[in-house]
Amino acid sequence: MADILDEIKSMDLKASWLGDWEFEVFTPKDRLVSTLSYLKAKGFKAFMGLSCVDWIEEGNFELVYILQSYDLALETIVKTKIPRQRPVIESMGPLWKLCEVYEREMHEFFGIEFTGNPNLKPFFLENWLDIPPLRKDFDTLAFSEELFEFKEDETHGIESPKRIE
Amino acid sequence: MNSLLALLIVPVIGSAAAAILQRYRLVERLITFLTFSVTFLFLFGIKVGDLFTWHLDFLGKNLEMGLQITPLSIFMLYMTIAFGIVLTFYNISEKSKMKGFLLLLTLAASNWIFMSADLISFFFAWELMGWSSILMIFGGRREAESRQGALYYAMMSIGGSYSMLIGIFLLSNLTGTFSIQSNVSYLMSILSVHPWQVLGIVSLFFVAFMVKSGIFPFHTWVPYTYGEAPDGFVPYLSSVMSKYGVYGFLIFLPLTLGTHVPTVLGLAWPNYVLLWFGSITAVVGSVLAFMQDDVKKLFAYSSFSNLGFILAAIALFTPIGLTAGLFHAFNHLLFNGAIFITVIALISKVGTTRMSEMGGIWQKMPLTFLTFFVGIAAAAGIPPFAGFGSKWMIFQAMISHGLIFATVLLFFASIASFLYLMRAFHAVFLGQLSHRYDNVKEVSAIGKITEVFLLGALIFFGILPGFVLDPINSIVSAFGLKPLPTSGYEYINGFFSSINMVSIFIVVIVAFIFGFVLFAIVAKHKKVPQEDNYTAGQIPQDWNLTPEMYQFSYDFYEPMNKELAPFLKVKIDGFFKGFGESVEYIGGAVKEIFTGNVQIYTYLAVGGLVIFIIAGWVVW
Amino acid sequence: MSEWTEIVDYFRGRSMWMLHYCTGCGAIELPPTMTSRWDMERFGITPMATPRQADILLITGYLAIKTLKRVVYTYEQMQAPKWVLGFGSCTINGGIYWDSYNVIERLDKYIPVDIYIAGCMPRPEAILDAFVKLKEMVQKGEAKGYEKYVKNYEWYKANQDKVLKRTSPVLKEIEKVTKIG
Amino acid sequence: MVIVEFLIKLAQGFGIGALALATGLLFGGIGRKIMARIQRRYGPPFTQNYIDLFKLFSKGSVSHGWAFDLGLVAGFAPMLAALMFLPIGPFTLLPSDSSLIMIVYLMMMAYLGMAMGVLASGNPNSAIGMSRALMLMTGYEVPFAAVIFSVYLFSKTGYLTQIVAQQAGGFMNWNIVKMPLGFLAIEIALQGMLGEKPFDQAIAPAEIASGPMVELGGKYLGFGMIQHSVGLFLETGIVVDLFLGGAPNFWIFIAKQFVLYFIVILVDAILPRLRIHESTSFFWKLPLFLGILQAVIVIIQGGVLNV
């Protein structure tokens, strides 16, 4: 078990244990494919999920790939950073078909382009025209106030319905 | 001119004229219609007991051949020719490849069958009818399939004819005469002495009749052939031609009357066996019908299922059984004709026979929809339409003998008929209208007249069944049975009870009027288009909902398939497939020899017929 | 005629069939309301399966933009007379989702609500109280939300369209992120 | 004279219809109350069904065209028509036509009409519901028919009036004593006919959005309610006439009907819903066996009529 971590470290990647059964790997953007292929070949065949963190002060998006191995009973979290200004990365569809669905979601909520993914259509949001809503620079309160016009004292010129007091 | 001969000659002349003028479709159709009408006029000139004989010297033998009129023949002639008039009238506006001259030949053969007094003419007429109808089937919508259907039909018909021919030779060898009457009375006289011999000969005949009527186990050709026959001919095929078998059965059924064969529940055992054939046919037809997706095939199954009802009833050969059977034969002709004529009108408009591709057509063809609705209501045996009385009488006839198992089977078939009728009704007319059919129009004026006429007939004979029951009563008494009591045109007298159809009609009408008044006076409704429908809150445009997607009609009774799977496995896999494969094999073999030109088939058929008959003659 | 209307209103109040639209939270409060403990059927209120049959539209919890669209469609499929009950804080002012980018703040702007049930979550007693109040309002002829909807249809439609049919970004001052393809 | 007679009959017919509807609705209301009490609820007032019907007739509705309207009217009019031939207590409006099979087929016309209406709405849920209802019908109608035929053989008549007359003279003359198996079979078939659990697949509300009724609202649903209530009256009435000896007056008649309905309600309260093909095949097993066994017993006892 410890061998895997050593092997990864020997490949000049940062890696560390998070617990008894979980470790994380930091990989540069251009080595992501090779790292994930390596891990898949090593037995991390199950793709569990893809997530994203917006490090707005750093100017980076951090993509988080979670893989599991049933044979080794291990989980690994592969993290890679891409610049906010130019969020483009290769699709992991060839490795895991399932990944394309998560990429579609990340595309919708963070505006990340996954090259090679043919299916980056809108997913959850309907008719969305603003910047992707889960970016930190998206002001959700301002959006809410603007779109839903919530004011305490509005009457809109018609009789307001009765309420239970 | 002798009216009897005229009934044969007029159609033949018409046929010749139609054959010459068949280039001009409208003229040909008009000639067909006029010939049917003229033939019908000659019917008024005939009466029970009319006789026409001639002598034929053949190979040194003097054969007496003839035509004769019995009450049964009059009933059958009126029924079939009248229906022919309606159909040919409708066909004036119909565009399928139906050959008028063949239909007229079939008419001549049909008249000859009902009038022939001897077995030779009966056989000749039977063959003429068979071959002219086979040739007709070649002109179906889909060429290859219709050829296969025709070959299948031809194969079964030849089998039946063979069997009948052998029967005729065996029988005439025994008696030395071909007269039907004397042969039947001879068989009757030796029935108690040599029951097996008589039964053997009669079974040979019955095979031919069962094939023609599509009685189990000879029902397999029916869906293939009906499904592929030209649209204009299918109603005739299913409404009229299936009745030849009934007529045939009725020739030989009086055998067990008054003789001492062993009985089952007070019923001579050969009749009992026949009754079971009928009941099984009814069930098999109904069950297979509700799994069909082809509308013509569905009603083909329905057609022989009803023939099962008729056979079960006439096999009883009691007054009520016979009345019920003949009455159902009439009603079947009527409602099946109405259903099939609306179906072919529909097919000509939508251009497909697959029901899962239709739906919602009631919005486009309201009159056809209403006719079809009344047709299936009658077929389901719903009062006050034609079809109720006969089914009601069949059940009474059966149960009065204590035939509980057969009756329950028949009742099951009747309920199952409800299933397939509703399925066809829903899949074709109700539900969502596909945009493919946005340009579908109601049938032409001629079609409308036909439909209104059929609609009227279904109601008229439903509420005044006496007009049919009176001639049937005379048939029953001609068979030496005591006819059911009559008490006016509006009454049906069953075994356990009698019904005044007019009073039922009035009650239903009053109830409907009350219903519409209630409908009009309570809160108003708002008309919405079919897209505005319950979709669990989902907006149809958002997920590109098409009417086809929102129409549930494919595999409508899927859970039922699960339930009936073991039963169907035996029947379909073992029986039908074998039949289908052999048909395919023969079809393939024939295809290799011939080019598929219809004319060559014609020559082949005629030549084959001649060789067949001469060979039979020589053997004899 | 007014006597007749009163009679009709009396019976309408005694027989109200409910369609519950439970895409938000709070659906769990309805089973106890329907079953042995609180038994709403004693007021003639039964759950129904489709909007065609229903008189009351009970909307529990928050409504996302996506679900709002379905609510409006469902409401328009119902036939008059019809009433709407807003259940929980979220239908009043967005509740804990007050600043969320995809949860509407106040249901009343999009369809007319006859009665709000405040609380997060309201207990079954509160639901029953609302039903009784609604019954009284119906019988007095006061619950006329469906007429208000017809009279102010343009206003409601404009509000709905503003949320549902956006053609330009809502927050204009923030520049769009350049897409690279 | 004929017109006066007709008008009298018409008035009586309306009376019967109103009475049957009132009784059917009352049964429904009491059934809801009983169900509530079984579930330890207070339950709606027993007049709730009247209020519901009134409300439905005062409420707006949507129509999908004239086939929809015609179908819904055809869904309850034949039911009312069938009622005219049913002996209700000592009274039958048209005794000379009270043939049992005719009544059964008139009821089927109502189902056909209802089917046409709901299918014309073009909703797949209603098509699924209708397909289930029809499949269920192949189930319960078969034992029902077997029982009807045994009664025919036993009573040697098809008139309901005469079947009732033959059972006069006390409990020991009732057909339930003479044909207990048949009664059992028909009581099970009644459960399916009324569409109560475990045979309520056709209108499963949470599963296929109340099936056939999915597009019905307002008066259309009211018509459906009339059909159900009158059907309830008719079906229980037929069983009362067949097996419980009719009744000397109207009140005893509805009391007997209620006993039958009460059994149905109790079964309904404790059983869950079956799958459709399970229930169809269930009817082909035990109830059909009972029905046919009853018929065979009747035949052995000398029921066969030599014609």
Side-chain angles (χ1 to χ4, degrees), chain A residues 54 56 59 61 82-89 91 107-118 120 122-165, chain C residues 64-66 68-69 84-86 92-94 97-110 112-119 122 126 129-130 133-134 137 142-145 148 151-152 155-156 159 162-181:
Chain A
D54 185 0
I56 189 163
F61 286 129
I82 54 175
R84 271 185 113 249
Q85 288 309 312
R86 199 183 147 78
V88 185
I89 194 159
S91 166
H107 173 76
E108 179 159 55
F109 284 110
F110 291 93
I112 301 168
E113 290 286 323
F114 292 89
T115 53
N117 187 333
L120 292 178
F123 196 8
F124 293 111
L125 302 173
E126 275 180 7
N127 202 12
W128 188 263
L129 300 160
D130 291 80
I131 65 169
L134 290 192
R135 287 182 171 224
K136 288 257 167 78
D137 52 2
F138 175 74
D139 188 348
T140 171
L141 181 58
F143 182 92
S144 182
E145 279 173 354
E146 174 66 29
L147 185 61
F148 304 124
E149 294 175 335
F150 180 55
K151 296 182 203 77
E152 272 300 337
D153 58 343
E154 69 163 323
T155 50
H156 289 291
I158 57 168
E159 190 196 340
S160 144
K162 302 219 167 193
R163 299 187 196 177
I164 293 180
E165 301 307 332
Chain C
I65 294 174
K66 239 180 165 169
L68 176 68
K69 201 172 179 179
V84 179
L85 290 186
I92 301 173
N93 55 13
Y97 304 98
W98 61 283
D99 63 346
S100 170
Y101 63 91
N102 61 354
V103 174
I104 61 155
E105 307 293 355
R106 185 166 156 187
L107 181 57
D108 200 21
K109 286 183 60 175
Y110 310 101
V113 181
D114 291 280
I115 286 184
Y116 282 116
I117 310 168
D129 191 31
K133 285 252 166 50
L134 181 65
M137 281 167 68
E142 288 169 0
K144 294 286 181 193
K148 200 164 100 182
K151 278 180 197 153
N152 301 295
W155 185 81
Y156 282 109
N159 284 344
K162 184 181 180 199
V163 175
L164 299 176
K165 296 185 179 161
R166 304 192 298 278
T167 51
S168 60
V170 177
L171 299 175
K172 290 178 189 72
E173 64 272 25
I174 296 177
E175 61 177 11
K176 281 181 83 179
V177 165
T178 47
K179 292 269 174 77
I180 295 140

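Within every chain, numbering begins at 1; the chains are lettered A, B, ... in the order of the sequence lines, protein sequences first and strands thereafter. These numbers come from the heavy atoms of this one structure, side chains and all, not from hydrogens, waters or symmetry mates. Please read all numbers here as calculations on a predicted model, not as lab measurements.
- Both the backbone and the side chain of C:Ile104 come within contact range of chain A, judged by heavy atoms closer than 4.5 Å.
- In this structure C:Lys162 satisfies the salt bridge (Lys or Arg N to Asp or Glu O under 4.0 Å) test together with A:Glu149, sequence neighbours excluded.
- Neither the backbone nor the side chain of C:Tyr97 comes within contact range of chain A; no heavy atoms are under 4.5 Å apart.
- Panel note: side chain C:Tyr116, backbone C:Asp108; a donor-acceptor pair is recorded below 3.5 Å.
- A:Asp54 pairs by the salt bridge (Lys or Arg N to Asp or Glu O under 4.0 Å) definition with A:Arg84, not counting sequence neighbours.
- Neither the backbone nor the side chain of C:Lys144 comes within less than 4.5 Å of any heavy atom in chain A.
- The only option from A:Asp139, A:Asp130, A:Leu134 that meets the side-chain contact (heavy atoms from CB on, under 4.5 Å) definition with C:Tyr101 turns out to be A:Leu134.
- Taking A:Phe124, A:Phe143, A:Trp128 one by one and counting their heavy-atom pairs under 4.5 Å with chain C, the maximum is reached by A:Phe143.
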